Protein chains: 2
Amino acid sequence: MSVNPGSLECTCYKLRQVTRLVSRAYDAFLVPCGISIGQFGMLETLKRMEGESISRVAHVLQMDRTTLTRNLTPLKKMGFVVMQTGSDKRERALSLTTAGKRALAAAEPKWRDAQTSLEQQLGKRTLKSLNDAMDATLGHLGGDPCQ
Amino acid sequence: MSVNPGSLECTCYKLRQVTRLVSRAYDAFLVPCGISIGQFGMLETLKRMEGESISRVAHVLQMDRTTLTRNLTPLKKMGFVVMQTGSDKRERALSLTTAGKRALAAAEPKWRDAQTSLEQQLGKRTLKSLNDAMDATLGHLGGDPCQ
DNA sequence: TCAATACGCGTGTAATTACACGTATATAAT
DNA sequence: ATTATATACGTGTAATTACACGCGTATTGA
């Protein structure tokens with residue numbers, strides 16, 4: 001007997017359930033830092049993609065281009081991110097400010113606490129299978145999401 | 001060498017990436033139905049929880065109570081869901097209308113196409129490990145999310 | 001060179017998500 | 001019975017998500 005009798009066993013439904021649950025947990029740890037786990041991930045990605053354009057960063061995040069544009073607004077307002085126009089005037093070169101790097105570094109211990117808490121609740125084995133399932137899915141569907 | 005060099009290997013980051021990616025794919029299949037995969041999942045849950053309150057349905061969806069309240073607005077506007085007050089006047093008894101049941105039934109083939117497409121892209125084995133990882137995570141963290 | 005096409009981006013609109021706060025109802029304590 | 005507490009919910013605010021549409025810039029074709 002399934003724990004979810006009568007349900008359609010929708011993979012997307014499960015993903016959304018789990019993502020809400022896990023995101024709330026991470027957010028709770030990050031409250032003292034003043035940023036969300038989504039913002040933490042964006043800062044982290046921007047750090048690794050210094051000077052890249054909105055579209056390329058959005059692709060790595062598997063995020064719609066316009067979504068990233070919107071999500072950058074609070075990060076710019078907080079003074080963590082700047083946009084500059086380069087040789088190709090259509091593109092916006094994104095980069096972290098010093099304050100942005102500082103905020104990211106300050107949030108990292110709290111992020112680690114959240115990650116460790118998840119590991120303790122799930123167990124190493126289940127956490128690994130979760131991470132592996134995500135990586136495999138990105139590998140199959142993501143085109144070329146990472147790097 | 002990881003595909004994500006320098007990254008922090010954040011489980012929540014991966015979950016959010018994958019959920020965005022997969023949700024967009026399901027949404028594409030559901031376009032002709034006029035509802036999103038999130039709405040499909042809510043209708044599906046409401047069908048299985050006829051007459052239940054906002055808080056209880058939100059708990060099953062692993063959704064904040066106020067989020068469900070907001071998400072019900074378009075479903076009520078489309079005439080798919082109604083709210084009634086029962087014996088306990090604090091509670092709202094949720095239920096699908098006939099139109100809601102019809103819309104859900106009409107969307108099911110498209111949902112199945114999306115689910116099948118995901119299975120074909122990931123392969124049966126990877127899809128199963130993805131589903132299992134979600135179930136295990138919900139089992140460990142969700143308290144009592146399903147049923 | 002100049003038109004046609006492709007590319008990168010912003011904005012309008014609307015749904016999704018959740019916290020903080022307040023209100024109304026029910027239950028418990030005295 | 002009355003007060004205190006707990007429960008269920010709505011709203012303000014703000015971030016997250018993405019599609020449709022339009023504008024400016026670059027590249028390509030003739």
Side-chain angles (χ1 to χ4, degrees), chain A residues 12-13 15-32 34-43 52-59 61-78 80-81 83-94, chain B residues 12-13 15-32 34-43 52-59 61-78 80-81 83-94:
Chain A
C12 191
Y13 180 92
L15 272 167
R16 293 171 68 95
Q17 268 183 319
V18 171
T19 299
R20 283 189 291 260
L21 182 61
V22 172
S23 292
R24 281 198 305 272
Y26 278 68
D27 278 340
F29 279 92
L30 287 175
V31 163
I35 60 173
S36 67
I37 185 59
Q39 294 175 328
F40 179 81
M42 283 188 280
L43 292 178
E52 290 280 9
S53 70
I54 290 181
S55 290
R56 277 189 289 272
V57 174
H59 180 245
L61 288 163
Q62 293 294 354
M63 195 180 279
D64 187 86
R65 175 186 62 78
T66 66
T67 301
L68 179 56
T69 297
R70 291 278 151 79
N71 290 354
L72 287 175
T73 304
L75 294 176
K76 288 190 289 187
K77 203 178 300 178
M78 290 187 277
F80 294 166
V81 172
M83 280 176 31
Q84 289 157 316
T85 46
S87 52
D88 188 331
K89 286 168 187 167
R90 295 173 302 180
E91 294 192 354
R92 314 275 176 263
L94 296 172
Chain B
C12 191
Y13 180 93
L15 271 167
R16 294 171 68 94
Q17 269 183 317
V18 171
T19 298
R20 283 188 292 259
L21 181 61
V22 173
S23 291
R24 281 198 304 272
Y26 278 69
D27 277 341
F29 279 92
L30 286 175
V31 163
I35 61 174
S36 67
I37 185 60
Q39 294 175 327
F40 179 82
M42 284 188 280
L43 293 178
E52 290 281 10
S53 71
I54 289 181
S55 290
R56 277 190 289 271
V57 174
H59 180 247
L61 288 164
Q62 293 294 353
M63 195 180 278
D64 187 86
R65 174 186 61 78
T66 66
T67 301
L68 179 56
T69 297
R70 292 278 151 80
N71 290 353
L72 287 175
T73 304
L75 294 176
K76 287 190 288 188
K77 202 178 300 178
M78 290 188 275
F80 294 165
V81 172
M83 279 176 32
Q84 289 158 315
T85 46
S87 52
D88 189 331
K89 285 169 190 169
R90 296 172 302 179
E91 294 190 354
R92 314 275 175 262
L94 297 172

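The sequence lines fix the lettering, A, B, ..., with proteins before strands; numbering per chain opens at 1. From a predicted model like this one, the values you see are computed outputs, not experimental measurements.
For the side chain to side chain contact (heavy atoms under 4.5 Å, CB included) test, residues two or more places apart in sequence or in another chain that qualify with A:Thr69 are A:Ile54. Scored by the side chain to side chain contact (heavy atoms under 4.5 Å, CB included) test, A:Arg24 finds A:Arg20, A:Leu21, B:Gln62 as partners (sequence neighbours excluded). Residues satisfying the side-chain hydrogen bond (donor to acceptor under 3.5 Å, both in side chains) test with B:Thr73, not counting sequence neighbours, are none. For B:Arg90, the side-chain hydrogen bond (donor to acceptor under 3.5 Å, both in side chains) criterion is met by B:Asp88, not counting sequence neighbours. Evaluation of the side-chain hydrogen bond (donor to acceptor under 3.5 Å, both in side chains) rule for A:Arg70 yields no partner, not counting sequence neighbours. Shown here are the side-chain hydrogen bond (donor to acceptor under 3.5 Å, both in side chains) partners of B:Thr67, two or more places apart in sequence or in another chain: there are none.
Within 4.0 Å (heavy atoms only), A:Met83 reaches sugar-phosphate atoms of the nucleic acid but no base atom. If you check every strand for non-hydrogen atoms under 4.0 Å, B:Thr73 touches nothing.
The heavy-atom pair separating B:Gly34 from B:Gln39 by the smallest distance is O-OE1, 4.3 Å.
In this structure, B:Leu68 atom CG and D:dT11 atom C1' are separated by 15 Å, rounded to whole Å. Protein atom CD of A:Glu52 is 16 Å distant from nucleotide atom C1' of C:dC9, rounded to whole Å.
For the contact set between residues 84-94 of chain B and DNA chain D, defined by any heavy atom under 4.0 Å, the members are B:Arg90, B:Glu91, B:Arg92.
The shortest distance between side-chain heavy atoms of B:Tyr13 and A:Ile37 does not fall below 4.5 Å.
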Contact pattern, 5' to 3', of nucleotides 12-21 of chain C - B, S or - by protein heavy atom under 4.0 Å: BB-SSBBBB-

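Within the model, atoms CG of A:Leu75 and OG of A:Ser36 stand 8.0 Å from one another, a figure rounded to the nearest 0.5 Å.
The side chain of B:Thr69 places an N or O atom within less than 4.0 Å of a non-bridging phosphate oxygen (OP1 or OP2) of D:dG10.
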side-chain contact (heavy atoms from CB on, under 4.5 Å) between A:Arg16 and A:Cys12, intermediate numbers included: CA-CA 6 Å; A:Arg16 293 171 68 95; A:Cys12 191; 3.9 Å; yes

Verdict with reasoning, B:Thr85 to B:Arg92, per side-chain contact (heavy atoms from CB on, under 4.5 Å): CA-CA 5 Å; B:Thr85 46; B:Arg92 314 275 175 262; 3.4 Å; yes

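Taking five base pairs at each end of the helix from C:dT1-D:dA30 to C:dT30-D:dA1 and finding the rotation axis that steps the C1' atoms of four pairs onto the next four gives two axes whose angle is 10°, to the nearest 10°.
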